[in-house]
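See structure below.
All values derive from a computational prediction rather than experimental measurement.
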Amino acid sequence: MKKLMIFSFVFFLSSFLFAQTEKDSISKVNNFTAVVTVQNKGISTIPNLTLGKPAVIFDMKLGRKLSFEPQFRFSLEDGKPWAMVLWWRYYGSVSERFKITYHANYSLSFKTIGLYNADGSDREVNRTNRYLVGALTPNYQLNKYIGLGAYLFYARGMDPYMIKNTYLASFQPTISNIPLFKSFVAKVRPEIYLLKMGEDGVFFSTRFLISNKNSPFSLSGLITQPIDSNIPSDYEFLWNVGVSYAFNQKYNKAH
């Protein structure tokens with residue numbers, strides 16, 4: 001675990017240095033964002049990466065068009081790590097309405113498995129699975145409220161006992177800026193996605209977010225339901241709700 005934290009720190013530091021030393025004659029504003037989310041159940045669009053119990057997630061973002069966005073997930077019950085995802089993202093723009101985001105990450109997932117000692121007694125170990133991931137997210141914003149997007153995702157398992165190739169393709173319309181009351185607005189993103197990881201599955205998923213621009217707190221949720229799937233999983237219908245606290249800081253980049 002110590003080596004993993006050192007590795008993450010090196011990635012984070014390299015992103016910070018890149019953001020500070022990028023050559024540009026015009027001073028721009030960069031952002032550092034940190035979000036802490038507590039969920040009643042840690043779930044994932046990839047079934048075998050679901051935690052299935054209360055979790056806390058730490059998200060960070062540093063940079064503008066090119067950003068480093070590490071995510072750390074832990075179980076709330078025992079404090080054990082669930083996953084660590086080291087995202088790099090480039091936010092591209094084809095036009096004012098049409099955007100494309102390019103994603104890449106090195107990620108680690110952790111799972112507790114039972115083993116036996118030489119004397120026959122049982123013990124638990126935390127097994128680490130390693131992935132290399134690439135993804136693409138095109139999005140066309142029709143107006144202030146409606147966007148049409150897609151998500152293309154590929155993960156390569158790095159360990160011999162893992163599924164080597166995972167593919168995901170989804171259609172993601174988004175409804176944003178839904179007025180609720182006072183300064184509160186909602187965002188809803190239904191999704192239908194095809195997942196292939198040895199076996200095939202089609203899933204329906206919906207995410208929602210309720211936020212207030214004057215408050216660092218927000219409420220989010222996710223439901224996932226398989227439509228037709230042969231992928232082995234310990235879970236069928238999944239849902240969660242979470243409360244997030246966001247910390248934002250802007251800094252001017254030196255000339």
Compute both the distance and the angle, then confirm whether Lys61 meets the cation-pi test with Tyr91: under 6.0 Å from the six-membered ring centre, within 45 degrees of the axis.
yes
With rounding to the nearest 0.5 angstrom, report the [atom1] to [atom2] distance, [X] to [Y].
{"X": "Asn240", "Y": "Gln39", "atom1": "CG", "atom2": "CD", "result": "4.5 Å"}
{"X": "Phe110", "Y": "Asn129", "atom1": "CZ", "atom2": "CG", "result": "9.5 Å"}
{"X": "Leu209", "Y": "Leu222", "atom1": "CG", "atom2": "CG", "result": "12.0 Å"}
{"X": "Leu86", "Y": "Gln71", "atom1": "CG", "atom2": "CD", "result": "10.0 Å"}
{"X": "Phe153", "Y": "Asn105", "atom1": "CZ", "atom2": "CG", "result": "7.0 Å"}
{"X": "Asp159", "Y": "Thr128", "atom1": "CG", "atom2": "OG1", "result": "8.0 Å"}

Is it true that the side chains of Glu69 and Ser67 contain a donor and an acceptor less than 3.5 Å apart?
-> yes
Can you tell if the side chain of Leu195 reaches within under 4.5 Å of the side chain of Met197, non-hydrogen atoms only? yes
* To do: Compare all side-chain heavy atoms of Val133 with those of Trp87 and state whether any distance is below 4.5 angstrom.
  => yes
Quiz item: Sub-3.5 Å donor-acceptor pair from the side chain of Trp82 to the main-chain atoms of Leu49, do we have one?
Solution: yes
| field | Backbone of Ile231 reached by a side-chain donor or acceptor of Ser229 within 3.5 Å | value | yes
Practice prompt. On the 0 to 90° scale, with breaks at 30° and 60°, tag the Tyr193-Phe203 ring pair as parallel, tilted or perpendicular.
Written response: parallel
